[in-house]
Protein chains: 2
Amino acid sequence: MSLRYALLGLLAEEPASGYELTRKFERVLARYAWHAQHSQIYPELNRLAADGLVEIVAEGARGRRTYAITDAGRADLRTWMLDPPDVFTVRNEFVLRLFLLSTLDRDEARAMLRPIADGSAREMADLRDAIDKADAADAEPSFNRLIAEYGLRMFETTHEWALWALARLDRAE
Amino acid sequence: MSLRYALLGLLAEEPASGYELTRKFERVLARYAWHAQHSQIYPELNRLAADGLVEIVAEGARGRRTYAITDAGRADLRTWMLDPPDVFTVRNEFVLRLFLLSTLDRDEARAMLRPIADGSAREMADLRDAIDKADAADAEPSFNRLIAEYGLRMFETTHEWALWALARLDRAE
DNA sequence: AATAACATGTAACGCGTTACATGATTAC
DNA sequence: GTAATCATGTAACGCGTTACATGTTATT
């Protein structure tokens with residue numbers, strides 16, 4: 001069901017076509033929160049429209065259809081947001097691989113951790129740039145600043161942990 | 001494919017039955033890394049056995065079968081571990097809900113963030129207890145200490161972020 | 001004797017991936 | 001005119017959930 005609410009959430013900000021939504025997933029959601037491809041997005045938009053949670057508000061060139069969230073859609077999204085599950089289902093290949101580090105030897109583990117340290121440093125830098133630019137542009141502090149800060153802190157934590165783990169492996173040699 | 005490697009990884013530590021593996025998922029993996037139920041685990045074990053990556057090393061009461069990883073299984077697991085994807089697929093409902101915070105009003109957002117701050121504090125305390133006990137029991141520092149530290153730092157970060165976000169919402173009032 | 005825990009399985013359905021399929025418009 | 005981008009769709013298959021199904025052993 002999450003895909004459905006991810007779409008409603010994006011449409012709650014502004015109307016968009018399936019194509020635009022697909023690109024928003026690629027650029028933003030897929031990196032941090034929820035991955036989906038156009039082959040899943042288009043049918044789900046049709047179902048949302050059939051259920052009256054979104055509606056077509058414009059048709060353009062090349063069969064482009066712009067969807068907007070309806071009042072029923074906003075209500076449904078709000079209900080979902082205010083009723084989170086007690087425990088979230090976790091399926092995270094990155095963390096799974098960390099759990100399975102113990103199946104590698106010391107050198108192989110180091111070879112896994114180094115790219116993690118480097119990659120998280122790059123993500124940190126990218127996010128810091130994006131945050132600085134947004135801070136300069138918006139006088140108004142926004143909700144988006146909250147999730148950006150969350151991402152930044154998460155990458156910082158991963159980075160520092162990877163360095164700590166590498167140092168620990170060296171020390172225990 | 002991740003389920004397959006999660007199972008091989010657990011069996012690389014020690015032989016176990018499908019029932020025991022199911023409980024390990026419930027107690028450990030499902031919380032942090034990978035969720036799976038017995039209805040998925042049993043058929044996958046049969047496929048792994050058919051592929052020669054695990055083998056039955058004991059049969060016990062109530063039709064219990066103890067599986068052990070084979071050399072081919074260890075080789076396959078190692079190959080998988082040493083070849084991570086460039087980008088990981090993310091599907092995390094918790095983070096999705098954070099992204100969609102902006103669809104709520106200020107009070108509703110606060111009502112979402114408070115349980116997050118409290119829940120992460122509880123997880124931190126649990127993990128710290130587990131780490132302290134393990135540190136006291138094992139003289140030997142282990143690989144498992146690395147992933148426990150990762151979890152602890154992640155929950156700390158979530159906790160501190162939620163407090164920061166709550167303060168920011170109050171300040172902007 | 002009853003209950004909880006142990007132990008494994010399958011079938012129907014829903015969600016997600018990969019590949020195939022088609023065509024219009026814009027920029028060079 | 002040709003390549004890139006825009007724009008939407010479907011079909012086959014694989015992964016994951018829910019529910020159904022069955023029986024054994026240990027504990028009280």
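We name chains A, B, ... by the order of the sequence lines, and we start the count at 1 in each one. Everything numeric in this text was worked out from a predicted model, so none of it was measured.
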Nearest-Å distance, [atom1] ([X]) to [atom2] ([N])?
X	N	atom1	atom2	value
B:N46	C:dT10	CG	P	7 Å
B:L7	D:dG16	CG	C1'	14 Å
A:Y19	D:dG9	OH	C1'	15 Å
A:E44	D:dT8	CD	C1'	16 Å
A:E26	C:dG16	CD	P	17 Å
B:H35	C:dC15	NE2	C1'	14 Å
A:Y42	C:dT17	OH	P	16 Å
A:W34	C:dC15	CH2	C1'	10 Å

Return no unless some side-chain N or O of [X] is found under 4.0 Å from OP1 or OP2 of [N].
X	N	answer
B:R64	C:dA7	yes
A:R47	C:dG14	no
B:R65	C:dC6	no
B:Q40	D:dC15	no
B:R4	D:dG16	no
B:R62	C:dA7	yes

Quiz item: A:H38 side-chain donor-acceptor pair to D:dG9 base, under 3.5 Å: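 Checked by distance alone, the answer is yes.
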
Any N/O donor-acceptor pair, B:S39 side-chain to D:dT18 base, under 3.5 Å: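 By the distance-only test, yes, there is a pair.
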
Side-chain donor/acceptor of A:T70 to backbone N/O of A:G52, under 3.5 Å: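 Answer holds: yes.
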
Donor-acceptor pair, side chain of A:E20 and main chain of A:S17, under 3.5 angstrom: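 Yes; judged by distance alone, with no hydrogens or angles, the pair exists.
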
Candidate pair B:L3 and B:W34, rule side chain to side chain contact (heavy atoms under 4.5 Å, CB included), full reasoning: CA-CA 8 Å; B:L3 170 62; B:W34 204 266; 4.3 Å; yes

Sugar-phosphate only, base, or nothing, as touched by B:R23 at under 4.0 Å among non-hydrogen atoms: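 If one applies the 4.0 Å heavy-atom cut-off, B:R23 turns out to touch the sugar-phosphate alone, with no base involved.
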
Comparing A:L3 and B:E20 on DNA chain C - which has the more 5′ nearest nucleotide: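 The residue whose closest nucleotide sits nearer the 5' end is B:E20.
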
Residue mapping more 5' on DNA chain C - nearest nucleotide basis, B:A61 or B:P43: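 Result of the comparison: B:A61.
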
B:D129 atom CG: more than 12 heavy-atom contacts under 6.0 Å: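 Atom CG in B:D129 is packed in, count exceeds 12.
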
Flag if over 12 foreign heavy atoms under 6.0 Å of CZ, B:R78: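 Not more than 12 within 6.0 Å, no.
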
